[in-house]
Amino acid sequence: MSGNEKVMKEQAAVLEVPRAEKGILRHEPRRYGASEQGCALEYYGPDTAPADILLMASMHGDEVETTVVLGEALRRVPENALKNPVILSVNPDGILRGTRSNARGVDLNRNWPSSNWSANPVYHRDHGGQERDIALSSGASAASEAETRALQQLVLRLQPRAIVTLHAPLACIDAPQASPLARWISRRVQLPLVPDVGYETPGSFGSWAAEQGIDIITWEFPRRSITALIASHAPVLFQLLTGEFDPGED
Ligand SMILES: [Zn+2]
């Protein structure tokens with residue numbers, strides 16, 4: 001069987017909802033907390049532990065393409081075929097404001113109670129890809145933000161074996177453990193597997209999750225249109241949501 005035939009066979013294993021019905025999100029949300037501004041923090045899918053893979057998008061509110069593409073993949077999944085828990089927006093206040101940070105100016109990806117958390121300001125690039133000279137806070141203390149604490153409790157409760165967190169636009173699969181799952185995603189979306197993003201990330205979600213022994217995979221979308229990202233990435237996310245994939249394959 002050729003590689004393409006194998007992929008087609010996998011994708012045929014769970015049928016997508018009919019196109020006419022994929023506009024509406026029919027999965028029941030489960031609430032895991034509230035943002036600093038009172039937005040519901042929600043996930044979809046099973047709440048049984050241990051979970052296999054927890055998927056999440058938009059820890060940074062200005063990377064909204066991750067929510068759009070993950071939401072598209074989720075709406076294609078029949079209600080009884082959703083096997084893994086999924087969060088469409090970790091940072092809803094940031095999405096509402098169009099900011100990388102949450103409503104209090106905190107970069108939620110530097111607010112985690114990992115051993116390397118730092119009180120120093122966090123500098124990031126703007127979307128033009130200039131030097132990293134835009135300051136945000138890492139929080140008054142580790143886990144100072146409601147979004148961080150709620151997600152921390154959810155992860156500790158669901159005990160996922162692996163977490164896939166979506167970001168943009170560095171175009172890589174950042175996976176320090178280079179697990180079979182990380183290598184599978186890298187092959188399927190044709191993005192390079194890297195051990196880090198090339199700069200220090202104290203207090204990042206990845207640092208904290210790795211310290212919990214979780215296979216943490218940061219999937220950085222490439223700088224492409226949402227239409228192109230849906231075409232190349234949504235089918236792979238669909239497979240992760242339905243559990244219809246074999247990371248051992250080559
Ligand atoms: Zn990001």
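Order of appearance sets the numbers: ligands from 1, and atoms from 1 within every ligand.
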Does this structure show an ion pair linking Arg100 with Glu63, if we count only N-O contacts that are shorter than 4.0 Å?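 The answer is yes: the pair qualifies as a salt bridge.
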
Which residue, Asn84, Val86, Ile185, forms the side chain to side chain contact (heavy atoms under 4.5 Å, CB included) with Leu240?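 Option passing the side chain to side chain contact (heavy atoms under 4.5 Å, CB included) with Leu240: Ile185.
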
Under the side chain to side chain contact (heavy atoms under 4.5 Å, CB included) test against Leu82, which residue among Leu74, Val14, Thr242 passes?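 For Leu82, the side chain to side chain contact (heavy atoms under 4.5 Å, CB included) test succeeds with only one of Leu74, Val14, Thr242, which is Leu74.
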
Keeping to distances under 2.8 Å, can you name the protein N/O/S atoms close to the Zn ion (ligand 1)?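 Per the 2.8 Å query on the Zn ion (ligand 1), atoms found are His60 ND1, Glu63 OE1, Glu63 OE2, His167 ND1.
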
Walk me through it: do Asp215 and Ser179 pass the test side chain to side chain donor-acceptor pair (under 3.5 Å)? CA-CA 7 Å; Asp215 178 16; Ser179 65; 2.6 Å; yes

So which pairs with a foot in residues 18-32 pass side chain to side chain donor-acceptor pair (under 3.5 Å), sequence neighbours left out?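 Every pair satisfying side chain to side chain donor-acceptor pair (under 3.5 Å) with a residue in residues 18-32: Lys22-Glu72.
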
Using 30° and 60° as the class limits, which term best fits the ring planes of Phe205 and Trp112: parallel, tilted or perpendicular?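 Perpendicular, since the angle between the ring planes exceeds 60°.
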
